[in-house]
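The first residue of the sequence shown is numbered 1, and numbering continues consecutively from there.
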Amino acid sequence: AKEHPRVGFTGARIVTPGCIPNIGWVHQGMAWFVVGALKAKAPLFAVRRILKGKWWSFSIRSPKNFVPGRMVGAITTAFVLRRKCFEDVGPFDEGYRVSFVDVDYSFRIMTSADWYVSTCASAEVFHEGHTTRIARREKMEFEGWDKFLSDWPKQRIANVLEASRKGKFIIPE
């Protein structure tokens, strides 16, 4: 925080049972999505997302996989948010309920005039997924997708990618 005073939002490395731990996500084209899915040994996950048209991102596991200029978000399962960033960017959009609220917030910070997004890969958070929602048999996959597509058309996502190219996503040494 002292080294990067303009970082407004910092996520942690998330460890979920049965899933690949990740520190954030990257925007990528279809070919890179497929390559990433194969490397992660997640072909069924990839096929489901491709069929639903929701293939545009993929998780990054560690700082060595950091993709300068294409990192677009940190994980919000556990995060630190500076009060001034919250005041400038505003609260989370309650219209998302669960899914894509983190994507929306990271994008809003990335495209803000003054703030940066970061992740702290050395801070791990154990996340049991949506255990409560699964027990209640609630639908949980991509429930915010339509709102996300409405809020973030291609041109706005292009602005996020431009911010990423300008270094608005930081992974500290």
Excluding sequence neighbours, so at least two apart, what forms side chain to side chain contact (heavy atoms under 4.5 Å, CB included) with [X]?
X	answer
Cys120	Thr10, Ser122, Ala123
Lys166	Glu162
Leu161	His27, Val72, Ile157, Arg165

Residues 100-107 side chain polar contacts: donor-acceptor under 3.5 Å, at least two apart:
unit_1: Asp104; atom_1: OD1; unit_2: Trp152; atom_2: NE1; d: 2.8
unit_1: Asp104; atom_1: OD2; unit_2: Arg108; atom_2: NH1; d: 3.2
unit_1: Tyr105; atom_1: OH; unit_2: Gly90; atom_2: O; d: 2.6
unit_1: Ser106; atom_1: OG; unit_2: Ala74; atom_2: N; d: 3.4
unit_1: Ser106; atom_1: OG; unit_2: Asp102; atom_2: O; d: 3.3

I'd like to check [X] versus [Y] (side-chain heavy atoms, cut-off strictly below 4.5 Å). Are they in contact?
X	Y	answer
Phe86	Pro91	yes
Ile109	Cys85	yes
Phe126	Ile14	no

- For Glu87, look at atom CD and say whether over 12 heavy atoms of other residues, nucleotides or ligands are found less than 6.0 Å away. yes

Say whether, by atom type as modelled, one donor and one acceptor occur between the side chain of [X] and the main chain of [Y] under 3.5 angstrom.
X	Y	result
Lys84	Arg6	no
Lys168	Trp115	yes
Arg13	Val125	no

- Query: Once you round to the nearest 0.5 Å, how far does CD of Glu3 lie from CD1 of Ile170?
  - Reply: 9.0 Å

- Item | Gap separating the CD1 atom of Ile171 from the NE2 atom of His4, nearest 0.5 angstrom |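 Nearest 0.5 Å value for the CD1-NE2 distance: 11.0 Å.
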
- Message: Tell me whether Met110 shares a hydrophobic cluster with Val80, the cluster being built from Ile, Leu, Val, Met, Phe, Trp, Tyr side chains joined at under 4.5 Å.
- Response: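 The answer is no; the residues belong to distinct hydrophobic clusters.
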
- Task: Return the set of residues passing salt bridge (charged side-chain N to carboxylate O under 4.0 Å, His left out) with Asp93 (not counting sequence neighbours), or none when no residue passes.
- Result: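 Partners of Asp93 by the salt bridge (charged side-chain N to carboxylate O under 4.0 Å, His left out) criterion, ordered by chain and then number, come out as Lys147.
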
- Taking ring-ring contact (aromatic ring centres under 6.0 Å, His included) as the test, write out the residues that go with Phe79, two or more places apart.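 Per chain and number, Phe79 pairs via ring-ring contact (aromatic ring centres under 6.0 Å, His included) with Phe9, Phe92.
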
